[in-house]
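No experiment lies behind these values; they were computed from the predicted model shown.
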Amino acid sequence: MDQQHISGYFDYNATTPISDEVAQSMIPVLTQFANPSSSNSYSILCKSAIVEAREQIARLINTKKEKVFFTSGGSEANNWAIKGVLLQHIKKPGHIITTAIEHASVLDTIRYCVESFGFEVTYLKPDEQGVIRLKDFQDALRADTQLISIMYANNETGVIQPIEIISRLAKEKNIPLHVDAVQVIGKRKVDVESLNINYLSISAHKFYGPKGVGCLYIKDVNSIGPLIHGGGQEQSMRSGTENLVALVGMSKAAQEASLNVAQWDKDNWQCKQHMINLLKLAPIEIKFNGHIGFAAALSNTLNISIKGVRGEALAARMEMLHNYIFSIGSACSNNKTKKSSHVLQAMSMQEEDIQNSIRISFGRFTSIQAVEKFIETLIIEAQKLLIISGSRHG
């Protein structure tokens with residue numbers, strides 16, 4: 001299936017279609033069976049591919065390759081950053097600051113540390129536009145705060161947090177800062193060194209790479225414990241034979257992103273502006289959830305609620321009748337029994353608006369024409385649902 005050319009795919013924040021170049025880069029590696037950690041001549045090509053992958057990721061976020069540590073994805077990177085820091089303090093557990101809108105891999109990991117080892121946690125709530133209040137953050141800082149974990153951009157709303165200011169305040173207090181940057185890498189340029197972040201999580205399948213591979217940026221390797229003991233890979237911080245095929249795919253994806261992220265962002269913004277304009281003209285009542293401006297939110301993400309129309313029903317009709325795919329929440333949250341978005345709840349939205357919400361996310365393979373057809377169909381189906389529910393006469 002050629003996912004790149006599915007014009008009805010509007011769920012890029014769940015996962016991006018893999019690019020042709022990335023797919024082609026992985027095929028020759030399938031037969032390179034040598035263990036990269038072996039000393040034989042067959043391993044040379046494998047080792048060089050791993051070095052190349054580390055260099056490409058380092059270039060993408062403007063750091064040194066020695067600070068890039070491969071993982072199985074963003075969730076593992078988040079787990080490692082949080083546990084790797086906090087487990088060094090279990091003899092004297094202190095305080096953690098995070099937000100109520102984090103990904104489950106952050107919230108559940110912190111909950112585990114709190115319940116298992118006695119850490120205390122402050123969950124910062126965002127304002128109604130989805131942004132953490134800096135005063136709340138400053139008020140939450142304590143002398144025993146041992147870790148701050150705040151996402152860069154939210155997966156459901158696309159709203160961007162003030163990471164640069166938070167990083168500066170954290171540095172003033174000498175508190176390590178972990179940033180889940182899974183949704184922003186490949187969508188906006190990120191300079192991890194200038195931001196002075198301690199740990200940064202990345203996932204390849206969010207920027208046109210393969211699934212099952214990502215990395216954790218670690219500013220100071222001595223500041224965090226290892227994730228997996230054993231074979232000595234990843235500077236003895238995450239042992240285990242490397243997934244060479246996935247690493248080569250991520251390497252190509254990172255190279256493409258380094259070269260094109262500014263243009264992708266510009267193209268996405270044009271699509272988003274057009275989408276917003278079309279929705280504002282629609283004969284249905286629409287609420288935009290969270291900031292929608294360029295500086296305040298990702299260019300590829302729009303979260304809306306349509307009055308009187310359940311998001312779940314609309315998504316089902318759009319997929320079954322028209323092959324359009326979008327989300328009513330985050331993909332990871334949909335693996336659970338949870339019915340309501342914890343992100344939109346934290347933004348103090350009314351339950352009806354939450355139930356009526358949908359997340360539309362797109363990317364480099366989305367055209368203006370595809371946006372127009374999608375919105376036209378979305379409006380027609382929303383109107384039909386309003387008639388079915390009795391909220392509007394046919």
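Here the shortest heavy-atom pairing between Gly240 and Gln233 reads N-OE1, 2.9 Å. In terms of heavy-atom proximity, Val85 sits nearest to Gln146 at CG1-O, 3.7 Å. Nearest approach of His103 to Ser75, heavy atoms of both residues: CE1-OG, 3.7 Å. Contact detail for Pro36 and Ile50: the closest heavy-atom pair is CB-CD1, 3.5 Å. Taking each heavy atom of Leu147 and Leu86 in turn, the nearest pair found is CB-CD2, 3.9 Å.
Checked by atom type, the side-chain pair Lys206/Thr16 shows no donor-acceptor distance below 3.5 Å. Inspection of the Asn289 and Ser305 side chains reveals an N or O donor paired with an N or O acceptor under 3.5 Å. Under the 3.5 Å distance criterion, with hydrogens and angles disregarded, no donor-acceptor pair is assigned to the side chains of Lys373 and Gln369. Judged by distance alone, the side chains of Thr301 and Asn13 do bring a donor and an acceptor atom under 3.5 Å apart. A donor atom on one side chain and an acceptor atom on the other are found under 3.5 Å apart for Gln255 and Lys252. Side chain to side chain, His95 and Thr145 meet the donor-acceptor criterion of an N or O pair below 3.5 Å. In the model, Glu164 has no side-chain atom that pairs as donor or acceptor with a side-chain atom of Ser167 under 3.5 Å. Judged purely by distance below 3.5 Å, without hydrogens or angles, the side chains of Asp191 and Asn62 pair a donor atom with an acceptor atom.
The side chain to side chain contact (heavy atoms under 4.5 Å, CB included) test with Leu344 singles out one residue from Thr157, Ile101, Asp353, and that residue is Thr157. Put simply, the residue from Asn79, Asp180, Asn78 that forms a side chain to side chain donor-acceptor pair (under 3.5 Å) with Ser201 is Asn78. When Glu234, Glu193, Glu55 are each tested for a salt bridge (charged side-chain N to carboxylate O under 4.0 Å, His left out) with Lys67, only one passes: Glu193.
By the 6.0 Å contact criterion, CG on Asn40 is enclosed, its count of non-hydrogen atoms from other residues, nucleotides or ligands being greater than 12. Taking a 6.0 Å sphere around NZ of Lys189, one finds it holds 12 or fewer heavy atoms contributed by other residues, nucleotides or ligands. Enclosure of atom CD in Glu285 is not indicated, since only 12 or fewer non-hydrogen atoms of other residues, nucleotides or ligands lie within 6.0 angstrom. Residue Lys173 places its NZ atom among 12 or fewer non-hydrogen atoms of other residues, nucleotides or ligands, all under 6.0 Å distant. Around the CD atom of Gln350, the shell of radius 6.0 Å holds no more than 12 heavy atoms that belong to other residues, nucleotides or ligands.
Between Glu381 and Arg317, at least one side-chain nitrogen of the basic residue sits less than 4.0 Å from a carboxylate oxygen of the acidic one, meeting the salt-bridge criterion. Using a 4.0 Å cut-off between a side-chain N of Lys or Arg and a carboxylate O of Asp or Glu, Lys307 and Glu352 do not qualify as a salt bridge. Between Glu172 and Arg168 there is a salt bridge, with a side-chain nitrogen of the basic residue lying less than 4.0 Å from a carboxylate oxygen of the acidic one. The residues Arg364 and Glu256 are annotated as salt-bridged, a charged nitrogen and a carboxylate oxygen being separated by less than 4.0 angstrom.
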Handout entry: Leu279/Leu378 under side chain to side chain contact (heavy atoms under 4.5 Å, CB included): CA gap, chis, key distance, verdict
Key = CA-CA 10 Å; Leu279 288 169; Leu378 187 84; 4.3 Å; yes

Exercise for the section: Please report the C-alpha distance between Ser348 and Lys125 in whole Å, then the side-chain angles of each, then the deciding distance to 0.1 Å, and finally whether the side chain to side chain contact (heavy atoms under 4.5 Å, CB included) criterion is met. Expected result: CA-CA 9 Å; Ser348 302; Lys125 284 190 65 175; 3.8 Å; yes

Problem - Residue pair Ser299, Arg188: steps toward the side-chain hydrogen bond (donor to acceptor under 3.5 Å, both in side chains) verdict - result: CA-CA 9 Å; Ser299 303; Arg188 286 278 165 89; 3.0 Å; yes

Exercise for the section: Check the pair Arg238 / Glu76 against salt bridge (Lys or Arg N to Asp or Glu O under 4.0 Å), numbers first and verdict last. Expected result: CA-CA 11 Å; Arg238 182 188 184 268; Glu76 182 182 312; 2.3 Å; yes

Exercise for the section: Just do the side-chain hydrogen bond (donor to acceptor under 3.5 Å, both in side chains) check on Asn323 and Glu319 with the steps written out, would you? Expected result: CA-CA 4 Å; Asn323 291 322; Glu319 182 171 0; over 6 Å; no

Practice task
Quick one: do Glu128 and Met347 satisfy side chain to side chain contact (heavy atoms under 4.5 Å, CB included)? Show the steps, please.
Solution key: CA-CA 5 Å; Glu128 292 183 352; Met347 291 164 60; 5.7 Å; no

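Remark: Lys83 fails to qualify as a cation-pi partner of Phe117 under the 6.0 Å distance and 45° angle criteria applied to the six-membered ring.
Residues Ile175 and Leu177 have side chains not in contact (no heavy-atom distance under 4.5 Å, counting atoms from C-beta outward).
Annotation: Phe362 is not in aromatic contact with Tyr9 [ring centroid separation under 6.0 Å not met]. Less than 6.0 angstrom separates the ring centroid of Trp264 from the ring centroid of Tyr208.
Leu107 and Tyr199 fall within the same hydrophobic cluster, where Ile, Leu, Val, Met, Phe, Trp and Tyr residues are linked whenever their side-chain heavy atoms come under 4.5 Å apart, directly or through other members.
In this structure, CD1 in Ile150 is found 4.0 Å from CD1 in Ile166, a value given to the nearest 0.5 Å.
Relative orientation of the Phe374 and Phe326 rings is perpendicular, given thresholds of 30° and 60° on the angle between their planes.
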